[in-house]
Amino acid sequence: MKEAIGVHSLAAASCRVARRFRLASILPRVAATLRTRLLLPRLKLYVVDVMAVKEEGDTSQQGKKSRSRLILRLGALLVAHSGLVSVVCCAAGIIAFILLPVLANNTYISENALMPGSADPAFSSQEVLDANRLTMDILNRGAAKASGIEIAKLLREYIVAVGAESYYHKFVPRANKFHPLHFFSSTTDNLDLPANPSCGSFILNAVGIIRAPRGDGKETIVLVTPYNSQNTTYSDAVSLGIGFSIISLLSHVTWLAKDIVWLAADSRYGEYMTVDSWLKDYHGPAFPGETSRIVDDACFEENNSDSLDHIKVEGHNSYVYKRAGTMAAALVLKVVDKKEKEERDSLSIYAEASNGQMPNLDLINIAHYLAVHRQGLRVKIGSIIYFLKASWVKLLGEMLQHITTLAKLLNPKWKLDITSADYVEGTATLASSIYYQALGVPTGSHGAFRNYQVDAVTLEFSPRSSLNNENVRSAFLLKTGRLIEGVIRSVNNLLEKFHQSFFLYFLTAPHKYVSVGIYMIPFGILIAPLPIVAAALFSSNNGSSNKDGSWKWLQAAKVDTHVTQVDGFGSVDWYQAVWILLVSRVLVGVVVRLAHICGEIVGTIPMVCGTMLMASGPVKDGVSEGPHWDLTKLVVLKKVFLRLRLGSTIDFFTSGGGGGLWAPGHLSGCPHQARRLSTMPSFSLAVSFVRLLVLLIEDAFPVEGTVGVSSPRVSAKLSVMTEQPPVARTAQEPIVAPGAWTNKVHLSVELECIDWSTHITSLGA
Amino acid sequence: MAALCRRFTGFHFLLVLVSLSISSLVFGDWIGDDEGEQFTEELLLKPLPDRKVLAHFHFQSTAHPSPDSGHHHHLFPKAIAQLVQKFQIRDLELSFTQGRWNYENWGGSDPISSTNAKPPGVELWATFNVPVVEIDTTWKNLTHALSGLFCSSINFLESSTSYTTPSFVFGLNVSNIRYGALPREAVCTENLTPWLKLLPCRDKAGLATLLDRPSIYKGYYHSQKLRLTSTKLSGIILEQTLTIVLQPNIQRNSAHSLLDGAIQPSWSISSMFKRNLTGSCVLARTSRILVELEKNIVSKLEELGHGGSWSNSLLDLSPNPFRVIKEVNPFPEESNSILFEYVNSKEYEPLDVGIKWKLPFVWSSPHAPFHASRFLMGSGTERGSIAISLQSTKSDEYFRSKSNECRMQAVVFQVVPWYVKVYYHTLQIFIDQKLQNLSDVIEKIRVTPSEDKKLPGTLELVLGYPCTVQSVALTLDFDKGFLHIHEYPPDANQGFDIPSALVTFPNLHSSRIYIGDDSSVHSPLLLKFQEKNVVLSYTEVLLVPFTTPDFSMPYNVITFTCTVLALYFGSLLNVLRRRIGEEERLMRSKDATKRGLIPLIVSKITSKLRGMPRSKPLLIFAVVLSVLFHYIVN
């Protein structure tokens, strides 16, 4: 008898399974119709919809079940206590977020081939002399004639003298225009050339290339030293001196396997722009043109140079753009001469590139390892000073210190102990790390490399006291030179490109990191209540209690179709999805056409719409409470969830931060506050403008001249905004573009459009 | 008895063999001549403009086609003879190269650069005397034989994805040619040793004694080549050349002194090779050393007033050369290069040829009219394009002066592996940065599109354009293929190589005509120089970064599968062991006494503490186990 019952239940189960399978056989057809990567999340929702409908049928047929499955009951439980769940989740998310500095791990060098510091540095006093001589030469000669090309000429002479190849890279700085979605316009910017090109409008960079002896020239390491040709400071000259001494050293070493390219970037109009235009030419068809040649002859009077010099510097080919293989890594080298004295020479590492991309952690690791363990430098990473001084952080740190010591008493294996000072410092560093990654604007010219999937960092050295002191300078040059030699040597050892270590991480100290596996937890917890509350709204709207537990709560996902159903657009099936797809396609077209205008605003409009809708919907209806209001909030919550989740694939902490601020705001929105914009929605409205505002403020900076001089990083930001996606072809269509970026833009725009379309439809309702 | 007899005959045979070998040693010279087998060794030394020295070893063995000798040879390496015989090779060229030839500084239009500048790695091409259907199998067998012979992975050229059939690039308009290149092959002593074994004296005597491994592998360029020609008339000719570019030891002064124009480093054979040259290989018919001074040095010498002298105010050549050989140039107004010849014969006194520079002097080598380079455009792991650019070097002024209608021809030969999916219709040609109509520029084109996992793509292209053009560039777009996990090479994260493209200029030849003091110069090397060789240059190898999978993925899949299995097993066990009737009764009793959530939990915990009720714990246990398993395995 028992067996019979068992068999019966088995049969029932298999019956259910079979129904599911029949359903599954329909689904591929739907999937084929909606063949697009970007619609996948949406598709998933529809899958859930259809399944939910079927399930509903099941339950209605079978009548009341005595007992449902565990997962359903769990879901129902969460939905039933959605208020509690959202409060708990928000609190837990914020606590987990605060705990991030505690959860940071020590960095380690993941790629064994790097072997940093395993060879003795060859950089000697000879190279220091070279560096000193060039520095003096630049200050004497270059400063005398401030025509902008003197230093480049001088550098080229020096590079040729050590037997390396050299050429001038010349470009016209483009006016800074605000083109966030520049990519879609696909027009070439070459038309910005002034009609009557004068000498002053060009920027001339000197580039040196060392071909590795016996190397096959497939890969290259790039060293960039930005300097300002108009106003060459002492530290600029020193950084050029270091760059040259490295070239002079590497021109006769035997261990080189990759070519070395040294770019002395004239950062008169901002270093990012210079580096980026050089990279653009490197990855594009930079064939020497006729027009430029005319200007060369007029400006640089090559012919009157003395004959010996002419032969040596091989005048004819000095403007031919030369390349050296695929880039393995790039180092941007800077020297900052600080006035105040410090204990030790220090090194600041900047790594954030556009859209929160980071170079491989190994690159930072080797620089840090060599700086600390070989050269005895103090390594610094950007931190937000407010957090260092804030008393509440300190208080938090002390509390955590107590808690972690307590935790350690419980289980000595937990490596959670952190001192209060460490916590404060970690928080400040983490905050700056998050800020720059969320802002999505690179912290230096290394950001330009990341657009081409090249790992790059900026190493900014500052001596312990003024560089005018001979001894200080020599010791400083020796240290920095050895460090850079060590980093180059490590990268040179690399057989494969950087891939072993992390790409998604935050630094809480130069030697501590929080990997993506950890920092995605707070984000996940923060956005988890959004769908739950949406489900709760749905079920309360339907008037059915969910205590018995079924798949019903999942029908919240279906609500879009209910809303559109009012419009009379058909029933719940995939026609709906196709329709939405079409609308979104049309909208993409509109966005592409209006790229210049829309820009960043696109990102904020749906949010604003959602909030407005949330606030004004009831007013319009004249009902302060009711199903419409619920539906609207439901749609908004769902969309916010979707947007945050997908946005996190583009720039994790833009959406991470968004999640932290949006989620409570949206969850707490309710009709009682509908007559005016309540505090929370208006707060979230303000947040939605943060990024836009920051960008606009940056854009409002004065463009010409002085920006690059006074604050190179600001100008870097400026230029990254003006020429975000490098369009690598002059031809009609941008066939070769940095893939990742393109995809992201596509994704985000389509996402926006999907958002829009649903908002429009829900508005219609 | 029989055993004794056999031993005796064995001994006898040995005796004969020994006596034979002694006689061949003693009379090696005349035997070689008599039998039609010859061996010559030559070394060409040449100072290069960028403070380096070129050393070009040229060994040549010939075997006459004598059916009488059968499989026996005196001087000629048996391994090669057998190779030729077995595979019916008509022409073969195999080169092992490390480093890149610097066309700007080391010359681009002289015979050495057009015959001995090779792409990095291994390059092999061969033509066969076999029916067309058998060529592919012959080629495959040949690659295996060569890979065994030279201790390298030439056998990778066996697969049809790695070799191709060029139709007109090599000048031979034949269908029985096969061409393949392995750009990633590392070249070292293990390849040199078997190569040296083909020489009759190996590296025990003669010029090959100079090949001190550390000093030759420290150089900037290293290319060993083997060239085989076999005809019915002249027999087999085996040329073995080794081209090295070395940096003589220089006191490294500071850069400043370099800037002021330091004197070129002085060098001699012993200082460069760290070995002394004593005597020649006795089996060699000739053994000589040639020192070449390029025409730009000679013109400087003429300017200074000492034409062909070897000891003057600019440089000192020591010891005194045996003979001076001058090049004859069709343009009488220009200076010609000079060769100083030394005969390497003295057994006891080392021949230490060297140049001592006295004045600082900078010159340039003869360039090819266009410098070919190739690069990748675009970024990302989806698309890209290959660009080949030809940049005028403006060196060949005589082209310019000759006529305005002068038309330059350039042949581009490009092999692309199948996973780089080139769209040949996207070919664009820019001349002086202007996009050209393809039909105006292309004189001849032959495209073999690639076939997935079968054939590489091949592009052969003859371009014709005016000589006065500054730059020519052609671009081709490609998609990066998405490979199966098996198809990735080792170190897949490095990227994939596209072998060097070959650019030849068919209407330019690098032949030189020499006249000696006595008009007959019997030097195979100089004869080689006088051949009409087409000027050619190889471009760089390209590295294309590809999307690589996470190679630990299979491992993850295994753990995932295990988890699923564990879950399945657990639930199955649950279903099988469950006693439903009892459960239902229990449920009914529970429904009767409805309780809240918290009392329910409390009661559950207490029931657990009291002792395990029947079936639930098993399910919980299975789930917990599987989850634990998942975490532990991960």
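We name chains A, B, ... by the order of the sequence lines, and we start the count at 1 in each one. Just so it is clear, the structure is predicted and the values come from calculations on it, not from any experiment.
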Taking [options] one by one, which has the highest count of heavy-atom pairs under 4.5 Å against chain A?
options: B:R100, B:Q494, B:Q98; answer: B:R100
options: B:V544, B:V187, B:D491; answer: B:D491
options: B:G495, B:P545, B:G219; answer: B:G219

Which residues satisfy the side chain to side chain contact (heavy atoms under 4.5 Å, CB included) test with A:A448, sequence neighbours excluded?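 Partners of A:A448 under the side chain to side chain contact (heavy atoms under 4.5 Å, CB included) test: A:Y272, A:V275, A:D276, A:L279.
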Considering the options B:F482, B:F478, B:F496, which one meets the ring-ring contact (aromatic ring centres under 6.0 Å, His included) requirement together with B:F546?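 Of the listed residues B:F482, B:F478, B:F496, the ring-ring contact (aromatic ring centres under 6.0 Å, His included) partner of B:F546 is B:F496.
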Quick one: are the ring centres of B:Y488 and B:F551 less than 6.0 Å apart?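 Yes, the ring centres sit under 6.0 Å apart.
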For B:H367 together with B:Y103, are the ring centres under 6.0 Å from each other?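 For B:Y103 and B:H367, the ring centres are not under 6.0 Å apart.
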Identify the heavy atoms of A:N492 and A:W255 that sit nearest to each other, and give their distance.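 It is ND2-O, 3.0 Å.
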With a 4.5 angstrom heavy-atom cut-off, is it the side chain or the backbone of A:L129 that approaches chain B, or both, or neither?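 A:L129 has no heavy atom closer than 4.5 Å to chain B.
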Engaged part of A:A324 at the chain B interface, taking heavy atoms whose separation is under 4.5 Å: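 The answer is neither part of A:A324.
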